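Since the structure is predicted, the reported quantities are computational estimates derived from the model, not experimental observations.
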Amino acid sequence: MPNFVWPLRVYWEDTDAGGVVFYANYLKFFERARTEWLRSLGIEQQTLADASGVVFVVRSTAVEYNAPARLDDQLEIRTLVERVGPASVQFAQEAWRGDVMLASGKIRVGCVDKATFRPAPIPAPVLATIKNAR
């Protein structure tokens, strides 16, 4: 069961010369869904960076592609928090068109100091909010 579902329409800018969503754009879709999930929890990333001096960065990704999305398709990006650590969050994300899963990915996001980009703990209130949202 996903923690968050974000609706998305496919636009011209998302497609390649063949009229199919360009494979790298699924990473953008997943990023936007994670950002909207955080926003739904009351966590604004710029506010977090300004107040705490930390930002979230993608540490690793692995994506599998099952079927193409095309122009004007209405998609759902489903986000599930799999694991929460003191400085990272592991997500499972999927792109669906109706009852067809188009792509799935595992994305690990780390918290870093915005000045040094060295690992940093997720601020306690943010960590508690993320854990409670699971």
Side-chain angles (χ1 to χ4, degrees):
M1 180 71 130
N3 298 100
F4 185 75
V5 177
W6 184 63
L8 168 84
R9 174 77 63 190
V10 174
Y11 297 106
W12 277 114
E13 67 194 35
D14 301 319
T15 62
D16 61 17
V20 171
V21 169
F22 182 63
Y23 75 94
N25 284 339
Y26 288 95
L27 291 171
K28 287 187 200 180
F29 299 163
F30 292 165
E31 174 77 27
R32 290 174 191 166
R34 290 191 310 275
T35 298
E36 294 302 327
W37 170 73
L38 282 172
R39 187 171 281 128
S40 78
L41 299 177
I43 301 167
E44 298 282 342
Q45 293 194 67
Q46 188 62 57
T47 302
L48 177 64
D50 293 343
S52 303
V54 298
V55 293
F56 289 110
V57 297
V58 172
R59 171 86 167 114
S60 64
T61 64
V63 181
E64 293 197 18
Y65 304 94
N66 302 316
R70 299 181 192 283
L71 179 66
D72 289 329
D73 280 354
Q74 181 67 40
L75 308 182
E76 279 188 348
I77 308 302
R78 299 176 186 177
T79 301
L80 173 69
V81 176
E82 288 190 317
R83 188 186 70 75
V84 180
S88 66
V89 183
Q90 172 92 20
F91 295 92
Q93 291 187 275
E94 299 170 341
W96 288 78
R97 181 185 55 235
D99 61 354
V100 177
M101 185 175 54
L102 306 174
S104 61
K106 300 282 187 183
I107 294 88
R108 185 170 166 218
V109 176
C111 187
V112 299
D113 180 284
K114 76 175 185 175
T116 65
F117 278 84
R118 304 280 303 157
I122 299 170
V126 174
L127 185 61
T129 299
I130 291 171
K131 284 183 175 180
N132 288 335
R134 292 181 67 192

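Cluster annotation: L41 is not connected to V5 through the hydrophobic network of ILVMFWY side chains, with a link wherever side-chain heavy atoms come within less than 4.5 Å. At a threshold of 4.5 Å between side-chain heavy atoms, the hydrophobic network of Ile, Leu, Val, Met, Phe, Trp and Tyr places F30 and V84 in one connected group. Clustering ILVMFWY residues whenever any of their side-chain heavy atoms sit less than 4.5 angstrom apart, transitively, puts V54 in the very cluster that holds L127. When hydrophobic clusters are built by joining Ile, Leu, Val, Met, Phe, Trp and Tyr residues whose side-chain heavy atoms come closer than 4.5 Å, directly or via intermediates, F56 is grouped together with V81. Hydrophobic cluster membership is shared by L27 and Y23, with clusters built from Ile, Leu, Val, Met, Phe, Trp and Tyr side chains linked at under 4.5 angstrom.
A donor-acceptor pair under 3.5 Å is absent between the side-chain atoms of R83 and the main chain of F91, judged by distance alone. Between the side chain of T15 and the backbone N or O of W12, at least one donor-acceptor pair lies under 3.5 Å. In terms of modelled atom types and a separation under 3.5 Å, the side chain of D14 and the main chain of V10 share no donor-acceptor contact. Distance alone, capped at 3.5 Å, places no donor-acceptor pair between the D73 side chain and the R9 backbone. A donor-acceptor pair under 3.5 Å is formed between the side chain of D16 and the backbone N or O of G19.
Across every non-hydrogen atom of Y26 and A67, the tightest pair is OH-O, 4.1 Å. The two residues N3 and A133 come nearest to each other via the heavy atoms ND2-O, 3.1 Å. Considering all non-hydrogen atoms of both residues, R97 and A69 come closest at NH1-CA, 3.6 Å. The two atoms that bring A49 and K114 nearest to each other are O-NZ, 3.4 Å, heavy atoms only. When all heavy atoms of V20 and P68 are compared, the closest pair comes out as CG1-CB, 3.6 Å.
With respect to R118 and D113, no salt bridge is recorded, no charged nitrogen being found less than 4.0 Å from a carboxylate O. For K106 and E82, the salt-bridge test passes: some basic side-chain N is under 4.0 Å from an acidic carboxylate O.
Counting heavy atoms from C-beta outward, Q93 and I77 have side chains that approach closer than 4.5 Å. Taking the side chain as every heavy atom from C-beta outward, V57 and V109 never approach each other to under 4.5 Å. Two residues are said to be in side-chain contact when any heavy atoms from C-beta on lie closer than 4.5 Å; P123 and L48 meet this criterion.
A distance of 9.5 Å separates CZ of F4 from CG of L38, quoted to the nearest 0.5 Å. To the nearest 0.5 angstrom, I130 atom CD1 is 8.5 Å from C111 atom SG. If you take CG on L80 and CD on Q90, they are separated by 10.0 Å, rounding to the nearest 0.5 Å. In this structure, CG on L75 lies 12.5 Å from CZ on R70, to the nearest 0.5 angstrom. Atom CZ in R108 sits 4.5 Å away from atom OG in S88 (nearest 0.5 Å). How far CZ of R32 is from OG1 of T79: 13.5 Å, rounded to the nearest 0.5 Å.
Heavy atoms from other residues, nucleotides or ligands lying under 6.0 Å from OH of Y65 number more than 12. Remark: R59 CZ is loosely packed, at most 12 non-hydrogen atoms of other residues, nucleotides or ligands lying under 6.0 Å away.
The side-chain tip of R78 points at the ring of W96 from less than 6.0 angstrom away and within 45° of straight on.
Under the 3.5 Å distance criterion, with hydrogens and angles disregarded, no donor-acceptor pair is assigned to the side chains of Q45 and R39.
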For K28 and E31, run salt bridge (Lys or Arg N to Asp or Glu O under 4.0 Å): C-alpha distance rounded to whole Å, both residues' side-chain angles, the deciding distance at 0.1 Å, then the answer. CA-CA 5 Å; K28 287 187 200 180; E31 174 77 27; over 6 Å; no

What do the steps show when you test V89 against I122 for side chain to side chain contact (heavy atoms under 4.5 Å, CB included), and what is the final call? CA-CA 10 Å; V89 183; I122 299 170; 4.0 Å; yes

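Aromatic pair F29/W6: centroids not less than 6.0 angstrom apart.
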